[in-house]
Amino acid sequence: IYISGLNKSSLSNIYIGYCSADSNFGDPTVLDNHSGSGIFAYNANNILIEFCVASNNGEDMPRTGNGPGGIWVAEVDSVVIQHCISHDNKTSVGGLDGLGFDLDGGTTNTIIQYCLSYNNQGAGYGIFQYDGATDWNNNTVRYCISENDGNTSSVGSVVLWNGSSINNKFRDFEFYNNVVYNTNGPALAFLDHYNSNINFRNNIFVSQQQSVYNWANNENFQANCWYSLNGEFYLNSVLGFEQWAQDNSQDMINGVVVGMYADPMLINPGNSSITDP
């Protein structure tokens, strides 16, 4: 399902609901761009995507550059993606992406909420800005779940990247009240730190070992629950959560540590098989 206009204002008032995008493997003859996405909206505004599922897409895209996604948007304004499931999406051997959900370059004033992502080869939630895109700002991911995403082509379940390398072109992002569970790699990954006003609040991050790839260096964390399945909080050579919080002024409010390192006691995590949103 592909929506594409000439610019952000050219298409508007779009509804995509109760759809299933499954086993769209991609076009093996396309070598200069991605193919094989489930639902993709580009150059449009005022879009509602809800109660959709995207699964098993993307595996026949042959190139090793940017890849497909389950449900994603780019160069859009005022989108809501809610009550959707994206699982088991793939990419080619050596390819990138194969992600669950993605707020990509030029996205503004957009929300992903009440969504479930699991077993995607790429990130469960990609937060990306590519070079040449219009400004990316004022976006939110909330009340979502990621289970064992980023298990092949990505470095984590939730991944942030700014290909423009300009902080002000990638700003004002809220990520709160989400659960991220990954037995394979980091729960959260920063490919760079070219950003402004990026906030992570009230989330649960569970990983096998180190919770974050390329740790915080311009971002803000408050009141998150961290847990590693091997029982230790990893950050290079620093093993204690309290020490990390105080040394970096993270997960603190007014000088008080408000985050925690604790087992969130999830029930049967990492075993989602829900396919009906």
Side-chain angles (χ1 to χ4, degrees), residues 1-5 11 14 16 19-44 47 49-76 79 81 84-107 110 112 115-133 136 139 141 144 146-163 182 184-185 189 191 272 275 277:
I1 299 175
Y2 179 40
I3 302 296
S4 178
L11 294 176
I14 297 163
I16 302 172
C19 297
S20 176
D22 178 74
S23 299
N24 176 32
F25 294 152
D27 186 346
T29 68
V30 175
L31 303 178
D32 60 350
N33 207 345
H34 54 79
S35 65
S37 291
I39 299 172
F40 176 33
Y42 177 72
N43 270 342
I47 305 169
I49 302 172
E50 64 177 359
F51 297 103
C52 293
V53 58
S55 56
N56 299 296
N57 299 294
E59 66 182 63
D60 273 355
M61 184 203 74
R63 64 193 297 270
T64 57
N66 61 322
I71 301 175
W72 65 295
V73 296
E75 292 293 353
V76 295
V79 180
I81 302 171
C84 292
I85 299 172
S86 191
H87 69 91
D88 293 289
N89 293 291
K90 300 172 176 65
T91 190
S92 59
V93 176
L96 301 174
D97 298 328
L99 42 80
F101 299 90
D102 174 19
L103 301 180
D104 217 300
T107 296
T110 289
I112 301 177
C115 289
L116 169 64
S117 177
Y118 65 92
N119 293 343
N120 294 288
Q121 289 187 350
Y125 298 86
I127 312 301
F128 301 147
Q129 169 74 334
Y130 56 85
D131 190 27
W136 190 108
N139 299 308
V141 176
C144 292
S146 168
E147 288 187 294
N148 288 332
D149 290 310
N151 52 42
T152 301
S153 64
S154 183
V155 294
S157 297
V158 178
V159 180
L160 282 78
W161 167 70
N162 180 4
N182 192 336
N184 301 303
L191 301 187
S272 280
T275 58

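All residue numbers in this chain count up from 1 along the given sequence. The structure presented is a predicted model; accordingly, all values stated were derived computationally and were not measured.
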Got a list of side-chain donor-acceptor pairs under 3.5 Å for residues 91-102, not counting sequence neighbours?
{"from": "T91", "atom 1": "OG1", "to": "L96", "atom 2": "O", "distance (Å)": "2.9"}
{"from": "S92", "atom 1": "OG", "to": "M61", "atom 2": "O", "distance (Å)": "2.9"}
{"from": "S92", "atom 1": "OG", "to": "R63", "atom 2": "O", "distance (Å)": "2.7"}
{"from": "D97", "atom 1": "OD2", "to": "G67", "atom 2": "N", "distance (Å)": "2.8"}
{"from": "D102", "atom 1": "OD1", "to": "D104", "atom 2": "N", "distance (Å)": "3.4"}

Quick one: ring pair (Phe, Tyr, Trp, His ring centres under 6.0 Å) partners of F51, sequence neighbours excluded?
Y18, H83

What residues form a side-chain hydrogen bond (donor to acceptor under 3.5 Å, both in side chains) with N89, not counting sequence neighbours?
N57, S86, N120

side-chain hydrogen bond (donor to acceptor under 3.5 Å, both in side chains) filter on E75, not counting sequence neighbours, yields T134

With heavy-atom distances below 4.5 Å as the criterion, would you say the side chains of W161 and Y130 are in contact?
yes

Applying side-chain hydrogen bond (donor to acceptor under 3.5 Å, both in side chains), can you list everything that pairs with D22, at least two apart in sequence or on another chain?
S55, N56

Among T275, I71, V53, which residue meets the side-chain contact (heavy atoms from CB on, under 4.5 Å) test with I85?
V53

Side-chain (S35) to main-chain (G26) donor-acceptor, under 3.5 angstrom:
no

Taking all non-hydrogen atoms of both residues into account, name the closest pair between V73 and I81 and its distance.
CG1-CD1, 4.3 Å

Applying ring pair (Phe, Tyr, Trp, His ring centres under 6.0 Å) to Y42 and not counting sequence neighbours gives none

Can you say whether the rings of F40 and W72 are parallel (under 30°), tilted (30 to 60°) or perpendicular (over 60°)?
parallel

Donor-acceptor check, side chain of N139 to backbone of T107, threshold 3.5 angstrom: yes or no?
yes

Keeping the roles fixed (side chain from S37, backbone from G69), state whether a donor-acceptor pair exists under 3.5 Å.
yes

Using the test side chain to side chain contact (heavy atoms under 4.5 Å, CB included), find all partners of I1 that sit at least two apart in sequence or belong to another chain.
I16, C19, I39

So does D88 get a backbone contact from the side chain of Q121, meaning a donor-acceptor N/O pair under 3.5 Å?
no

Which residues pass the side chain to side chain contact (heavy atoms under 4.5 Å, CB included) test with N184, sequence neighbours left out?
N148, N151, N182

How would you list, by chain and number, every residue that makes a ring pair (Phe, Tyr, Trp, His ring centres under 6.0 Å) with H87, sequence neighbours excluded?
Y118

